[in-house]
Novice: 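Provided herewith is a single structure, encoded as structure tokens, for subsequent inquiry.
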Amino acid sequence: MSEVKEYKCPSCGAPMYYDIKQKTLSCRFCKNTYDQEYIISHFDEETNGKLPDFDWVKRSKSVWEPYVSDKIEEFECSSCGGKIITRSSTATAKCPFCSHDLIISSDLSGDIRPDRIIPFRITKKEFAEKYTHYISGVRNVPNVFKDKAVLDNITGCYIPVWGYSCTCDSTIDSEFCASINVKDYPILANDKNMGWEVFHSMWPFNLSEAEDFNASYLTGFYASRYTIGAENAMRDADYYIKAECPVKVKKADDNNPVDVDDAEIKKIIHNRELTYYLVPVWLLNIKYVNRTYTIAMNGQTGKICTDDLPENPLYYRWYKIIYLIIQLAELVLGFLYFRRFLSEIGAFSDRIKMIIMLAVLILFVPIIFNLTITSVICRFIFRRKRKKLDPIKKKQLFYVRDFLE
């Protein structure tokens, strides 16, 4: 079984949680609070489990690399002895028997210990209030999205992220051409709990506000370790960085143009630095008709985004009813008008009159116009009172040019 750790109040022995506003560990029962200095000095807190010369780049092949697929592991609660079953990449857990928050310290120690962490700045209550304020003014969503019970599904998560810094030089025929410096290019280090699209939509995180990692920050939140190893992360980032590095069409020492197509072009990356961060995200997942919709908030800045939420089924029902009413009204008015018009023409037989009437009615009823009017009416009935939230962007990548020094 893997080693687990929990933080109990020194005064009463009750489990503690990280208080976002006070930035301390707080007891749920006696309400005592303990700052980070106290935690480090009294809880045998590991401050740096790596060797002094540890370097993610140099040791990328020797440190832990992710499993091919997540395994199921069993942990033992240090309070009640209950068995906890969870995935191997999970770094925190809640005991189902005593509800204590546990830190799986084996996932956060030694060489795989995170370097830096951005603690939560936004509380669960603030996220819930912002979501409730928005969704209460939206009429055309199913009622499940307005049910207060869904707020119980809000989860605070620490997401592992690589911050990659490097220099890329380009040369033409072995002569220097150009160079770019990249600072903290972000790479999602675990895409199993939160996809790239959500991560991209949550950006930016201010990595300069990150603090030295301390496991006590994770108490009461979900956290996972990286599943995309350092070597794989750098390989993928190098591809985009090299593509961004420019190639000038002239040599640096003269003004003679160079045929780039025939020249030997090389792009070399050096001065690599890799930092392992944990960043805070609030996630709310709501299931509706065989699909899960995600509403996410940046736990540092408060930026919130959402999937395209489904339309209320009543919208389509009313759409059909309103369209039929408009269509029927036009048919009746058209029939009455043209019947009077044709009655004044005595040269046609009744059958021909009827054929002409039907043909004119078909031309008279503009289907596209009716659809447009129906959409306008329905949008007014089911209009969104609030400004739309930022969408979760699809098929987006981080642009290297946004991280140049």
Side-chain angles (χ1 to χ4, degrees), residues 2-50 75-82 84 86 90-110 112-128 152 154-161 205-207 209-225 276-283 297-302:
S2 298
E3 180 184 356
V4 298
K5 180 179 183 179
E6 65 176 318
Y7 294 87
K8 294 182 179 180
C9 177
S11 298
C12 67
M16 295 193 294
Y17 68 98
Y18 180 73
D19 189 305
I20 295 174
K21 291 302 182 183
Q22 298 189 57
K23 301 180 181 180
T24 60
L25 280 187
S26 300
C27 178
R28 300 180 187 276
F29 292 89
C30 68
K31 308 303 180 182
N32 283 342
T33 59
Y34 305 91
D35 59 21
Q36 291 300 313
E37 292 183 3
Y38 184 93
I39 296 300
I40 293 174
S41 61
H42 289 75
F43 281 82
D44 193 26
E45 188 71 16
E46 179 182 345
T47 56
N48 189 3
K50 300 185 179 72
F75 306 102
E76 182 178 296
C77 177
S78 55
S79 290
C80 67
I84 304 170
T86 186
T90 301
T92 61
K94 182 180 287 291
C95 178
F97 303 101
C98 65
S99 297
H100 284 200
D101 294 310
L102 305 175
I103 308 296
I104 303 172
S105 54
S106 57
D107 289 336
L108 303 166
S109 61
I112 63 173
R113 174 184 172 85
D115 300 311
R116 310 275 285 170
I117 184 172
I118 300 178
F120 273 90
R121 301 283 187 264
I122 307 298
T123 65
K124 178 179 179 179
K125 181 180 179 181
E126 290 173 318
F127 176 36
D152 295 334
I154 295 177
T155 303
C157 305
Y158 278 105
I159 305 300
V161 175
F205 290 91
N206 188 353
L207 298 180
E209 295 183 356
E211 302 179 13
D212 291 336
F213 176 75
N214 186 324
S216 65
Y217 286 118
L218 309 183
T219 307
F221 301 99
Y222 175 85
S224 60
R225 64 188 179 192
Y276 180 19
Y277 293 96
L278 292 183
V279 300
V281 173
W282 288 109
L283 290 176
M297 174 185 272
N298 184 317
Q300 180 189 30
T301 65

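Because only heavy atoms are used, hydrogens play no part in the values below, and waters and symmetry mates are left out as well, while side chains stay in. Nothing here was measured: the structure is a model prediction, and the numbers come from that model.
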Novice: Measure the shortest side-chain to side-chain distance between Thr219 and Thr92 over non-hydrogen atoms and say whether it is less than 4.5 angstrom.
Specialist: no
Novice: Side-chain contact, heavy-atom cut-off 4.5 Å: Ile118 with Leu207?
Specialist: yes
Novice: Check the side chains of Asn206 and Gln300 for a donor-acceptor pair under 3.5 angstrom, ignoring hydrogens and angles.
Specialist: no
Novice: Distance from Tyr18 atom OH to Leu218 atom CG, nearest 0.5 Å?
Specialist: 10.5 Å
Novice: Side-chain contact test, heavy atoms from C-beta onward, threshold under 4.5 Å: evaluate it for Phe205 versus Thr301 and give yes or no.
Specialist: no
Novice: Using a 4.5 Å cut-off on heavy atoms from C-beta on, say whether the side chain of Trp282 contacts that of Ile122.
Specialist: yes
Novice: Between Ser11 and Tyr34, do the side chains contain a donor N or O and an acceptor N or O under 3.5 Å apart?
Specialist: yes
Novice: Closer than 4.0 angstrom, basic N to acidic O: yes or no for Asp35 and Lys23?
Specialist: no
Novice: Any heavy-atom pair between the side chains of Lys31 and Ser26 that's under 4.5 Å?
Specialist: no
Novice: Could you tell me whether Phe120 and Tyr158 have their ring centroids closer than 6.0 angstrom?
Specialist: yes
Novice: Does this structure show an ion pair linking Lys124 with Glu126, if we count only N-O contacts that are shorter than 4.0 Å?
Specialist: no
Novice: Quick check: do Ile39 and Tyr7 have side-chain heavy atoms less than 4.5 Å from each other?
Specialist: yes
Novice: Does some side-chain heavy atom of Phe221 sit less than 4.5 Å from a side-chain heavy atom of Ile20?
Specialist: yes
